[in-house]
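Just so it is clear, the values below take in all heavy atoms, side chains as well, and ignore hydrogens, waters and symmetry mates.
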Number of protein chains: 2
Amino acid sequence: MIENKDPIKSDNLTARLIEAIVNGEYPPGSKISEPELARVFDVSRGPLREAMMRVESLNLVERVPHVGARVVTLSLDKLVEIYAVREALEGMAANLACKYITDAEITVLEDLLNRHQSHIEQVDGASYFYQQGDFDFHYLIIQASKNHQLIALLCDQLYHLVRMYRYQSPRSHARPEKALYEHFAILNAIKARDPELAEMLMRRHIKNSRLLIENELLEE
Amino acid sequence: MIENKDPIKSDNLTARLIEAIVNGEYPPGSKISEPELARVFDVSRGPLREAMMRVESLNLVERVPHVGARVVTLSLDKLVEIYAVREALEGMAANLACKYITDAEITVLEDLLNRHQSHIEQVDGASYFYQQGDFDFHYLIIQASKNHQLIALLCDQLYHLVRMYRYQSPRSHARPEKALYEHFAILNAIKARDPELAEMLMRRHIKNSRLLIENELLEE
DNA sequence: ATCAACAATATTGTCAACAATTGTGGTTTT
DNA sequence: AAAACCACAATTGTTGACAATATTGTTGAT
């Protein structure tokens with residue numbers, strides 16, 4: 001049993017910082033004070049700054065020289081842009097998944113969607129559980145593409161911002177029945193090894209989410 | 001006249017490190033020693049490590065805890081993956097450019113391609129100048145998409161690796177006449193505000209480059 | 001001679017203090 | 001009273017030293 005404790009403060013800090021920012025512990029726009037955070041995480045400013053540099057590379061904070069770092073504010077415009085990129089990249093992922101997905105991965109996806117099905121019938125509506133489940137579905141498809149550059153770009157770069165948004169407005173994405181239906185359709189296309197259809201369905205699925213956001217944007 | 005000297009060592013270092021790695025000053029696979037680099041760049045290890053963290057986020061170096069960092073070795077497989085992602089993203093950029101490109105940007109692109117035309121007729125072949133020109137063309141199209149997330153992903157993340165590859169094997173991409181012809185076709189589609197055509201042509205253009213790489217891969 | 005254990009060396013990870021810059025509050029001036 | 005200026009405080013940027021870990025070289029045993 002390899003423990004892989006990873007006792008390196010700087011590395012662990014990065015993950016903890018990401019999580020803290022994504023789940024709103026440090027709200028958008030708020031200033032991040034190095035001395036304060038160093039106290040909170042019980043490290044010195046050295047490793048903390050190294051972690052901050054990485055978090056900055058993820059576009060989760062914005063730094064101004066000699067002034068400091070602030071948590072990014074996720075405007076709806078920015079989010080629409082992100083969803084447009086997701087459309088292209090996850091469409092591509094669905095396409096590739098048709099070729100490279102394994103039977104084992106298909107089984108995992110089927111189990112996941114079946115659990116969602118029964119969960120929705122019981123709870124009847126959006127819930128934290130389903131939110132996470134939606135991410136799981138997309139992550140699995142992305143992984144199944146087997147393109148490591150694509151996986152890194154989506155999972156390590158874009159998805160933190162998407163998760164951050166959903167923490168902020170958890171109910172705006174609430175169209176669980178329709179989304180689940182679309183998930184089933186995508187999975188079916190992948191099982192049928194139909195790349196064009198899978199890509200088209202995935203693009204439309206994400207486009208539908210994007211349209212919800214754009215509607216929010218119009219209501220202001 | 002704003003000087004914007006940006007005297008922050010950590011920030012400047014990042015750019016210098018990127019350039020040094022991309023142009024092969026530190027060859028792929030070579031170990032990066034913190035004390036040595038600190039001497040070379042005349043800074044202490046603190047800022048250097050901060051820069052290293054950012055360079056690591058760009059996937060230009062790979063770090064192992066307590067062991068050190070090495071410049072990434074760009075395998076052909078990895079490169080093919082990158083080009084596949086470029087196909088999706090730059091296709092999207094060409095598509096969006098049709099809607100958002102300005103007349104001024106079109107003029108810049110036309111001038112650029114005309115210079116390439118006369119340059120190729122004179123020098124008759126691939127040259128460093130044309131290599132840079134190819135990048136300029138793609139950068140301009142990407143910028144014209146006006147999607148900042150897309151721009152950041154391509155220019156700040158992927159393109160460093162692409163440039164690194166071209167420095168390594170500068171002649172494998174030598175198909176300047178055909179590439180220039182394709183560039184003109186893409187620009188014409190954008191000028192005609194035909195998103196589907198522009199996207200298709202851009203995807204095919206990048207796909208052609210990818211096929212060259214895949215052929216190299218088969219020859220081994 | 002080959003391999004294993006151990007000591008020495010070098011490198012990475014971390015810390016606390018110092019330097020440089022920015023923001024703030026009060027004072028002065030118009 | 002409003003604006004400009006100056007000094008103070010706080011924060012960021014940087015440095016050099018210390019601690020922890022990995023690599024190297026050496027010794028000794030089989």
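Between B:H183 and B:H205, the two ring planes are perpendicular [angle over 60°; tilted spans 30° to 60°]. Between B:Y159 and B:F135, the ring planes lie perpendicular to each other; the angle is over 60°, past the 30° to 60° tilted range.
Using a 4.0 Å heavy-atom criterion, one finds that B:G46 contacts the bases of the nucleic acid, with or without backbone contacts as well.
The distance between atom CG of B:L37 and atom C1' of C:dT11, rounded to the nearest whole Å, is 14 Å. At whole-Å resolution of the value, CE in A:M53 and P in C:dG13 are 16 Å apart. Atoms CD (A:E50) and P (D:dG13) sit 14 Å apart, rounded to a whole Å. Rounded to an integer number of Å, the gap from B:R39 CZ to C:dT11 P is 9 Å. Per the geometry, CZ belonging to A:R70 stands 13 Å off C1' belonging to D:dT11, to the nearest Å. Summarising the geometry, the separation between CG on B:L48 and C1' on C:dT14 is reported as 16 Å, rounded to the nearest angstrom.
In this structure, A:E87 does not pair ionically with A:K207, as no charged nitrogen and carboxylate oxygen lie closer than 4.0 Å.
The CG atom of B:L60 lies 10.0 Å from the CE atom of B:M52; values are rounded to the nearest 0.5 Å.
Contacts of B:E182 classified as salt bridge (Lys or Arg N to Asp or Glu O under 4.0 Å), with partners at least two apart in sequence or in another chain: B:R175, B:K178. Scanning for salt bridge (Lys or Arg N to Asp or Glu O under 4.0 Å) contacts around B:E62 gives an empty result, with sequence neighbours left out. Residues passing the salt bridge (Lys or Arg N to Asp or Glu O under 4.0 Å) test with B:R204: none are found, sequence neighbours excluded.
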Practice problem: Give the B/S/- string for nucleotides 17-22 of chain D, one per nucleotide from 5' to 3', where a protein heavy atom under 4.0 Å of the base yields B, of only the sugar-phosphate yields S, and otherwise -. | Solution: ----SS
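Residues from residues 25-35 of chain A lying near DNA chain D, meaning a heavy-atom separation below 4.0 Å, are A:K31, A:I32, A:S33, A:E34, A:P35 in numerical order.
Sorted by first and then second residue, the pairs that involve residues 92-103 of chain B and meet side chain to side chain donor-acceptor pair (under 3.5 Å), not counting sequence neighbours, are B:N95-B:E199, B:T102-B:E105.
The side-chain contact (heavy atoms from CB on, under 4.5 Å) test with B:L187 is passed by exactly one of B:L112, B:L140, B:L109: B:L109.
The phosphate of D:dT12 (OP1 or OP2) has no side-chain N or O of A:R49 nearer than 4.0 angstrom.
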